[in-house]
Participant: 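Pasting a structure here, questions to come.
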Number of protein chains: 2
Amino acid sequence: MDTALDRAVRVFCERGYHATSIGDLTAAMRLATGSVYKAFRDKQAVFLAAFDRYAAVRREQTRSAAARGSNGRERLRHVLLSYVEHSQGIEGRRGCMVVGGTVELAALDSDVRARVNAQIETNEAFIAGLIREGQADGSISAHLDVDDTARLMICITQGMRVVGKARLPLDGERLVGVAMKLLA
Amino acid sequence: MDTALDRAVRVFCERGYHATSIGDLTAAMRLATGSVYKAFRDKQAVFLAAFDRYAAVRREQTRSAAARGSNGRERLRHVLLSYVEHSQGIEGRRGCMVVGGTVELAALDSDVRARVNAQIETNEAFIAGLIREGQADGSISAHLDVDDTARLMICITQGMRVVGKARLPLDGERLVGVAMKLLA
DNA sequence: GATAATAGGGAATGATCGTTTCCTAATAAA
DNA sequence: TTTATTAGGAAACGATCATTCCCTATTATC
């Protein structure tokens, strides 16, 4: 079932919610219509389950990227680099379910809105934590405002997903190099 | 007709393309079904016309925000402030047609993709121009890479529209204050 | 003032959507 | 072996969608 959900994630990422029909879903998930409705109450429930799975995978990927750094600053740098990588190429143009869900459904579906908000706030708190770690280990200036910087970083990461979906090229090293100025 | 198009912009911003029915459109535009199809070939044509109008208005708003500054740095600061303002409150949760069009349609419709790309690139070029002005008048460091900085600024502005649609609060002065570090 | 032309409105249409229902096959229990 | 239970598949349903067609005013022309 998780593998079927992974396939649903890909379709929802690429086509969004409304442009994805049950037919698209059954084709991607290799399940018949009845089977989908046996496993999920309706289309929204498939979307929510796919979103939860997507969010969990992305959280894990972000945390493992952070683990590649040896201090707070480096951990944050790897997180940003990871975001650029995921915003590019085939995955970049496929798109992000968080920004997709936000843009397409935040105004129409309070369940989706609650989940995207939770995911954004979790990411923001994680970034804020990395900044504090950097301040504690001396790799990041102690004077900067943690919350404001974290929120701007969230804007940057979400924006990269938009720009990546528009297929504009993003140079990871250069872009992140500029973004690291925010830690001064 | 421009006033009807303005009303179409509001609906498309809020609900996106696929969740907006012709019924939604006719109700908002105060036009009957036949009248809409007399003026536009199909729903996509309405969207493209609304997008063009939205993009033109936003370009003008951004340029008038820039005009409030007395040097390159200040002009850029006012542009960013303007973006935060538009990303907040009722307009913020209504959403941006550029990020909406990108996220919902860039993968599905090459006409829309061409237009969102053009709009993003125009904005990026405008920001790059402001940075160069600032470098020329001494208000922005001469050492920074203009293109990389402009692209990151675009990520920030697009990201703010996503975060604003998710209804997370954005403090303009604080956020822009942090972002201005990128000009060091 | 009569007529042609056009803009706008609303009902009808075919297609597609999400959803339900029913059927089949496979597995577990007795 | 037989029966009960369940997972999976496909056809059928009503609703809604984008689109077309036709009618009615209104304006402009002669």
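Computed over heavy atoms, backbone and side chain alike; hydrogens, waters and symmetry mates excluded. Reminder, nothing fancy here: chain letters follow the sequence lines and each chain counts from 1.
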Participant: Would you call Phe12(A) and Leu25(A) a side-chain contact if the rule is heavy atoms closer than 4.5 Å?
Facilitator: yes

Participant: I want to verify a distance call: between dG9(C), dC17(C), dA18(D), whose nearest atom is closest to the Leu31(B) side chain?
Facilitator: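 So the nucleotide nearest the side chain must be dG9(C).
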
Participant: Does any N or O in the side chain of Arg15(B) come within less than 3.5 Å of the main-chain N or O of Ala19(B), such that one atom is a donor and the other an acceptor?
Facilitator: yes

Participant: Between Lys165(A) and Glu14(A) (side chain of the first, backbone of the second, donor and acceptor by atom type, cut-off under 3.5 Å), is there such a pair?
Facilitator: yes

Participant: What's the closest nucleotide to the side chain of Lys43(A) if the choices are dG10(C), dG18(C), dA18(D)?
Facilitator: dG18(C)

Participant: Send over the distance from Phe40(B) CZ to dG8(C) P, rounded to a whole Å.
Facilitator: 11 Å

Participant: Report the distance from atom CZ of Arg30(B) to atom C1' of dG10(C), rounded to the nearest whole Å.
Facilitator: 19 Å

Participant: To the nearest 0.5 Å, what is the distance between CG on Leu81(A) and CG on Leu175(A)?
Facilitator: 9.5 Å

Participant: Whether Asp137(A) and Arg132(A) form a salt bridge (side-chain N of Lys/Arg under 4.0 Å from carboxylate O of Asp/Glu) is what I want to check.
Facilitator: no

Participant: For Arg41(B) and dT20(D), give me the distance from atom CZ to atom C1', rounded to whole Å.
Facilitator: 15 Å

Participant: Rounded to whole angstroms, how far apart are CD on Gln44(A) and P on dC17(C)?
Facilitator: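 My rounded result for the distance is 19 Å.
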
Participant: I'd like to know if the side chain of Glu104(A) and the backbone of Tyr17(A) have a donor-acceptor N/O pair within less than 3.5 Å.
Facilitator: yes

Participant: Is the side chain of Gln158(A) donor-acceptor paired with the backbone N or O of Met160(B) at a distance under 3.5 Å, no angle test?
Facilitator: no

Participant: Taking atom P of dA15(D) as reference, at what distance in whole Å does atom CG of Asp42(A) sit?
Facilitator: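 Interatomic distance, CG of Asp42(A) to P of dA15(D): 18 Å.
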
Participant: Across the strands shown, which category fits Thr26(A) at heavy-atom distances under 4.0 angstrom: base, sugar-phosphate, nothing?
Facilitator: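 Since no nucleic acid heavy atom lies under 4.0 Å of Thr26(A), the category is nothing.
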
Participant: Please report, rounded to the nearest Å, how far the P atom of dG18(C) is from the CZ atom of Arg15(A).
Facilitator: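 Atom CZ in Arg15(A) sits about 11 Å away from atom P in dG18(C).
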
Participant: State plainly whether the residues Arg94(B) and Glu91(B) are in salt-bridge range, i.e. N to O under 4.0 Å.
Facilitator: no

Participant: Could you identify which residues of residues 100-116 of chain A place a heavy atom less than 4.0 Å from some atom of DNA chain D, listed by residue number, or say none?
Facilitator: none

Participant: To the nearest Å, give me how far apart CE (Met29(B)) and C1' (dG8(C)) are.
Facilitator: 13 Å

Participant: Could you state the CD1-C1' distance from Ile22(A) to dA15(D), rounded to the nearest angstrom?
Facilitator: 14 Å

Participant: Collect all protein-nucleotide pairs involving nucleotides 21-26 of chain C in which both atoms are nitrogen or oxygen and the distance is under 3.5 Å.
Facilitator:
none

Participant: Arg73(B) side chain to Ser139(B) main-chain N or O, any donor-acceptor pair under 3.5 Å?
Facilitator: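 Judged by distance alone, yes, a pair lies under 3.5 Å.
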
